[in-house]
Amino acid sequence: MNVAILGLGRFGSQLAEELVAIGVEVLAVDRDDARVNELAETATLAAAGDLTDFEFLQSLALGDYDAVVVAIGSEIATSVLLTLTLKRRLSLKHVVAKASTNDHAEALRLAGADLVVSPEQEAAIRLAHTLGPSSHLQEYLSLGPTYGVAKLQAPITAVGRTIGSLEAFTRHNVVLLAMVRNDLVTFRPDRDVIVEDGDVWLIAGEDEQLRKAGS
């Protein structure tokens, strides 16, 4: 698989490094020579140029890539115009665009982006669900307005009991998707498995019930 990343700010640079780490070929592009040079040895290919220049975009052969990421968040007009150009003029199949605000996200969708991501907003949502009443949750992923998936340490009150006997799942109507024990992951563990100290659960359900399940 190969991915082109247009814009090498914090998000674009981190994305490039993570993709390379998992074996994806990456084309890293930015108008700033210094940013391009920083990733020149990491990315498969790196190029510096004006992303608003249609001839420069054509020279990148972006149609050869499985996905193209518009990782420009601060310059809203530029990111929307670039997305529009990629979809309408270059007819690219899969364009992912980074949004900095809700209005920015809507503009990107109207421009034709196949997927819009809002890293700051998503990070804030995850953090909010691990603070206050949800402080026992280690991580959280939203599945919708009121549903999500959470990771939490098995409560001490559950240690020594079987999973099937725990009210945390029956009373709060949450689903145990997986259990991690000593770095070994078990998906949908049997009801007769006895909980041990240090077990970590991955559970899914309604947000309010997730907050109650491990508290």
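The first residue in the sequence is number 1, and the count goes up from there.
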Can you list the steps and then say if V24 with D66 is a side-chain contact (heavy atoms from CB on, under 4.5 Å)? CA-CA 10 Å; V24 176; D66 297 305; over 6 Å; no

Quick one, D103 with T101, criterion side chain to side chain donor-acceptor pair (under 3.5 Å). Give me CA distance, side-chain angles, the key distance, then yes/no. CA-CA 5 Å; D103 288 342; T101 67; 5.4 Å; no

E196 vs R161, salt bridge (Lys or Arg N to Asp or Glu O under 4.0 Å): CA-CA, chis, key distance, verdict: CA-CA 8 Å; E196 295 182 4; R161 300 175 58 186; over 6 Å; no

Under the criterion side-chain contact (heavy atoms from CB on, under 4.5 Å), I'd like the reasoning laid out for L57 against L51: C-alpha separation, chi angles, the key distance, then a yes or no. CA-CA 6 Å; L57 290 176; L51 292 172; 4.0 Å; yes

Derivation and outcome, side-chain contact (heavy atoms from CB on, under 4.5 Å), residues V29 and L8: CA-CA 7 Å; V29 186; L8 302 176; 6.0 Å; no

Test side-chain contact (heavy atoms from CB on, under 4.5 Å) applied to V195 and L166, step by step: CA-CA 10 Å; V195 179; L166 298 177; 3.9 Å; yes

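The shortest non-hydrogen separation linking V20 to A43 is CG2-CA, 4.2 Å. The minimum heavy-atom distance between A71 and G7, with the atom names listed, is CB-O, 3.4 Å. Contact between A47 and V36 at its shortest, heavy atoms only, is O-CG2, 3.4 Å. The shortest heavy-atom contact between G49 and F56 is CA-CZ, 3.4 Å. Closest of all the heavy-atom pairs between V80 and A107 is CG2-CB, 3.8 Å.
To the nearest 0.5 Å, atoms CG (L39) and OG1 (T44) are separated by 11.0 Å. Atoms CD1 and CE, on I22 and M1 in that order, are 8.5 Å from each other to the nearest 0.5 Å. The structure places OG1 of T162 at 7.5 Å from CD1 of I194, a figure rounded to the nearest 0.5 Å. To the nearest 0.5 Å, atom CZ of residue F54 and atom OG of residue S59 are 10.5 Å apart. Once rounded to the nearest 0.5 Å, the distance linking CD1 of I163 with CZ of R188 reads 10.5 Å. Here OG1 of T83 is found 11.5 Å from CG of L110. Values are rounded to the nearest 0.5 Å.
For the pair P155 and W201, the minimum side-chain heavy-atom distance is below 4.5 Å. Within the 4.5 Å cutoff, the side chain of L15 has heavy atoms near those of the V69 side chain. L82 places a side-chain heavy atom less than 4.5 Å from the side chain of L6. Side chains of L176 and L202 form no contact here, defined as non-hydrogen atoms less than 4.5 Å apart. Side-chain contact between L19 and I5 is present, with at least one heavy-atom pair separated by less than 4.5 Å. Within the 4.5 Å cutoff, no side-chain heavy atoms of S79 are placed close to those of K98. No side-chain heavy atom of E208 sits under 4.5 Å from any side-chain heavy atom of T146.
No donor-acceptor pair under 3.5 Å is formed between the side chain of D190 and the backbone N or O of D192.
Look at D114 and K87 and you find a salt bridge, because one of the NZ, NE, NH1 or NH2 atoms lies within 4.0 Å of a carboxylate O, short of that distance. D199 has a carboxylate O that lies under 4.0 Å from a charged side-chain N of R181, or vice versa, which qualifies the two as a salt bridge. Using a cut-off of 4.0 Å between Lys/Arg side-chain N and Asp/Glu carboxylate O, E38 and R35 are scored as not salt-bridged.
Residue Q58 qualifies as enclosed at atom CD: its count of foreign heavy atoms under 6.0 Å is above 12. Within 6.0 Å of CG on D50 lie more than 12 heavy atoms contributed by other residues, nucleotides or ligands.
Hydrophobic clustering (side-chain heavy atoms under 4.5 Å, transitive across Ile, Leu, Val, Met, Phe, Trp, Tyr) groups Y65 together with L90. Residues V200 and V159 do not share a hydrophobic cluster, defined by chaining ILVMFWY side chains whose heavy atoms lie under 4.5 Å apart. One hydrophobic cluster, built from ILVMFWY side chains closer than 4.5 Å, holds both I203 and M179. Tracing side-chain contacts under 4.5 Å through hydrophobic residues (I, L, V, M, F, W, Y), one reaches V26 starting from V96; they form part of the same cluster. By the criterion of side-chain heavy atoms lying less than 4.5 angstrom apart, applied directly or through intervening Ile, Leu, Val, Met, Phe, Trp or Tyr residues, L27 is grouped together with L86 in one hydrophobic cluster.
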